[in-house]
Amino acid sequence: MAEAYFPVGPGLGMEENFLSLDDILMSQEKLPGRAESALPRLAVLMGQGAGSAESIPEGSKLEIPLWLAKGLHDSKRRIISVELPKIYREAWRTVFSADANVVDLHKMGPYYYGFGSQLLNFENPENPEIAQTDSVCSLQTFIARFRRIMDSSQNAYNEDTSALVARLDELERALFQVGQKGLNDFQCWEKGQASQITASSLVQNYGKRKLAEVDG
């Protein structure tokens with residue numbers, strides 16, 4: 001008998017979990033950058049050439065998938081340099097500080113929080129603000145948006161929630177779904193359609209992770 005498939009959660013912070021579909025999709029997100037030296041036979045991979053033997057000249061501006069940027073980035077050899085994506089720059093941090101709830105995070109970057117954590121991999125003298133952005137901007141944005149997300153999830157019973165989640169990043173959507181499941185479970189219990197209220201999968205997974213850390 002085939003076992004049920006349980007989705008694998010994304011990694012934490014700078015660590016990716018490549019058994020997680022979310023992390024695999026996040027690794028395809030692109031970073032602006034520059035070739036600090038010639039890149040042999042990478043033109044096709046970067047979408048800048050037709051032949052597999054073509055190289056990218058030194059100084060070329062690039063749009064680099066995260067997985068490739070992490071593989072090429074080396075502060076000692078200076079193969080590529082990585083720039084801060086616009087949504088993590090000062091102008092957008094000002095918008096988030098004013099009212100984080102007005103921003104369509106899914107349009108700007110569906111993996112805003114996870115991708116922001118990955119930027120810490122590129123800390124170097126050319127990009128000092130990258131390391132500062134993730135811990136400050138992302139956390140403040142998450143806190144500012146969290147209450148509205150959970151309030152919305154608890155006040156939308158048997159309704160079409162597509163408009164409520166359209167502007168959320170993937171982490172926020174997962175939290176919204178947890179809130180919806182908790183609401184639905186409570187409604188079923190209140191109507192006598194469930195024998196007991198159980199802990200959410202988010203709490204259960206957190207408990208399993210803490211036990212694994214203790215055992216390790």
Side-chain angles (χ1 to χ4, degrees), residues 6-18 20-33 63-67 69 82-122 129-187 200-206:
F6 293 97
V8 178
L12 297 175
M14 296 167 62
E15 299 298 324
E16 294 170 90
N17 184 345
F18 283 104
S20 166
L21 291 178
D22 282 330
D23 275 356
I24 292 172
L25 292 172
M26 180 188 67
S27 72
Q28 304 298 319
E29 295 286 308
K30 293 185 177 181
L31 285 164
E63 289 287 328
I64 318 167
L66 173 64
W67 65 268
V82 172
E83 299 174 7
L84 200 62
K86 65 179 182 179
I87 195 172
Y88 299 96
R89 295 177 186 170
E90 184 177 358
W92 275 101
R93 293 202 298 272
T94 302
V95 173
F96 285 125
S97 297
D99 187 355
N101 290 295
V102 304
V103 181
D104 186 341
L105 271 193
H106 203 267
K107 181 179 179 180
M108 299 302 296
Y111 298 96
Y112 173 78
Y113 302 107
F115 195 67
S117 298
Q118 292 297 313
L119 296 179
L120 293 175
N121 286 291
F122 305 101
E129 69 271 35
I130 289 180
Q132 300 172 6
T133 300
D134 175 66
S135 58
V136 178
C137 183
S138 296
L139 180 59
Q140 290 180 350
T141 300
F142 180 79
I143 292 171
R145 293 166 63 95
F146 177 77
R147 181 169 182 173
R148 178 172 290 187
I149 291 168
M150 297 312 294
D151 282 349
S152 297
S153 73
Q154 296 297 298
N155 289 285
Y157 183 62
N158 286 337
E159 298 178 18
D160 180 4
T161 60
S162 56
L164 293 174
V165 302
R167 299 165 65 87
L168 307 182
D169 112 307
E170 292 299 324
L171 173 61
E172 294 174 335
R173 289 184 176 190
L175 289 172
F176 185 90
Q177 290 171 0
V178 169
Q180 280 274 280
K181 184 179 185 305
L183 174 64
N184 290 333
D185 288 349
F186 177 76
Q187 293 291 341
S200 74
S201 59
L202 189 67
V203 174
Q204 291 174 352
N205 289 337
Y206 178 78

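Residues take their numbers from the sequence shown, with the count starting at 1. The basis for the numbers below is simple: all heavy atoms, side chains too, and nothing from hydrogens, waters or symmetry mates.
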- Taking the six-membered ring for Trp and the full ring for Phe, Tyr or His, determine whether the centres of Y111 and F115 are under 6.0 Å apart. no
- Item | G182 backbone acceptor or donor facing D185 side chain under 3.5 Å | no
- If we ignore angles and hydrogens, is there a donor and acceptor under 3.5 Å between the side chains of D22 and S20? no
- Task: Find the distance between CD (E170) and CG (D23) and round it off to the nearest 0.5 Å.
- Result: 11.5 Å
- Item | Spatial distance of atom CD (E29) from atom CH2 (W67) [nearest 0.5 Å] | 14.5 Å
- Message: If you compare all heavy atoms of F176 against all heavy atoms of I149, which two are closest, and at what distance to 0.1 Å?
- Response: CD1-O, 3.7 Å
- Minimum side-chain heavy-atom gap F96-L105 below 4.5 Å: yes
- Message: Tell me the closest heavy-atom pair linking M150 and G179, and the distance in Å.
- Response: CE-CA, 3.9 Å
- Task: Given side-chain contact (heavy atoms from CB on, under 4.5 Å), test L31 with L119 step by step and report yes or no.
- Result: CA-CA 9 Å; L31 285 164; L119 296 179; 3.5 Å; yes
- Are side-chain N/O atoms of H106 and E172 paired as donor and acceptor at under 3.5 Å? no
- At what distance, to the nearest 0.5 angstrom, does OG1 of T161 lie from CG of L168? 9.5 Å
- Message: Looking at R173 and D169, is there a salt bridge between them, counting it only when a charged N and a carboxylate O are closer than 4.0 Å?
- Response: no
- Do the side chain of Y88 and the main chain of Y112 share a donor and acceptor less than 3.5 angstrom apart? yes
- Query: Is there side-chain contact between P32 and P85, with at least one heavy-atom pair below 4.5 Å?
  - Reply: yes
- Query: Atom CD of Q180 and atom CG of L175: how far apart are they, to the nearest 0.5 Å?
  - Reply: 12.5 Å
- Approximate separation, where rounding is to 0.5 Å, of I87 CD1 and W92 CH2: 6.0 Å
- Message: Contact between Q118 and M26 at the side-chain level, heavy atoms closer than 4.5 Å - yes or no?
- Response: yes
- Does the side chain of T141 come within less than 4.5 Å of F146's, by heavy atoms? no
- Item | N101 to R167 - nearest heavy-atom pair and separation | O-NH2, 4.3 Å
- Item | Main-chain N/O of V103 paired to R145 side chain as donor or acceptor, under 3.5 Å | yes
